[in-house]
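To start, the structure under review is shown below, and the notes come after it.
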Amino acid sequence: MEVLVDVEIHAQDRTTIEEFEAAVAAYDEVVELRRMYGSPHHFVRVAVADDAAYEAFVMDKLTGHPAVLRLESHLTMKTIKAEG
């Protein structure tokens with residue numbers, strides 16, 4: 001299952017932002033990580049086995065990071081056009 005996650009962080013300093021990005025990029029579940037202009041600050045594409053695996057990822061990794069302010073998860077109903 002794939003989940004698209006918008007992440008807002010409270011950090012404004014370069015060190016914290018780069019540390020957050022390095023930590024999230026290292027997670028096996030993360031297949032794409034983008035730093036965005038404006039809000040949300042980051043876009044994360046996550047691939048997991050099921051709902052339980054996603055909940056564990058969010059609870060154990062994303063929300064546990066001290067820089068995270070807010071998360072918003074999006075599940076795809078139907079892919080109309082993809083890279084290819």
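A quick note: this is a predicted structure, and the numbers were derived from the prediction, not measured.
Judged as a side-chain hydrogen bond (donor to acceptor under 3.5 Å, both in side chains), the pairs with a partner in residues 22-31 (not counting sequence neighbours) are, in order, E29-K61. The salt bridge (charged side-chain N to carboxylate O under 4.0 Å, His left out) contacts involving residues 17-27 comprise R14-E18, E21-R35, where partners must be two or more places apart or lie in separate chains.
Considering only residues two or more places apart in sequence or on other chains, T79 meets the side chain to side chain contact (heavy atoms under 4.5 Å, CB included) condition with T76, A82. Under the side chain to side chain contact (heavy atoms under 4.5 Å, CB included) criterion, M59 pairs with E55, T63, sequence neighbours left out. Residues satisfying the side chain to side chain contact (heavy atoms under 4.5 Å, CB included) criterion with E72, sequence neighbours excluded, are D6, R70, H74. Taking the side chain to side chain contact (heavy atoms under 4.5 Å, CB included) definition, one finds that D50 meets it with A52, A53, sequence neighbours left out. Listed by chain and residue number, E32 satisfy the side chain to side chain donor-acceptor pair (under 3.5 Å) test with R34 (two or more places apart in sequence, or in another chain). Annotation: ring-ring contact (aromatic ring centres under 6.0 Å, His included) contacts of H41 (sequence neighbours excluded): none. Every side chain to side chain donor-acceptor pair (under 3.5 Å) that D13 has, sequence neighbours left out, goes to T16. Residues passing the ring-ring contact (aromatic ring centres under 6.0 Å, His included) test with H65 are F20, sequence neighbours excluded.
Under a 4.5 Å side-chain heavy-atom cut-off, the cluster of Ile, Leu, Val, Met, Phe, Trp and Tyr residues that includes L69 has no other member. Residue M36 is found in a hydrophobic cluster whose other members, listed by chain and number, are L4, F43; membership requires side-chain heavy atoms under 4.5 Å apart, directly or through intermediates.
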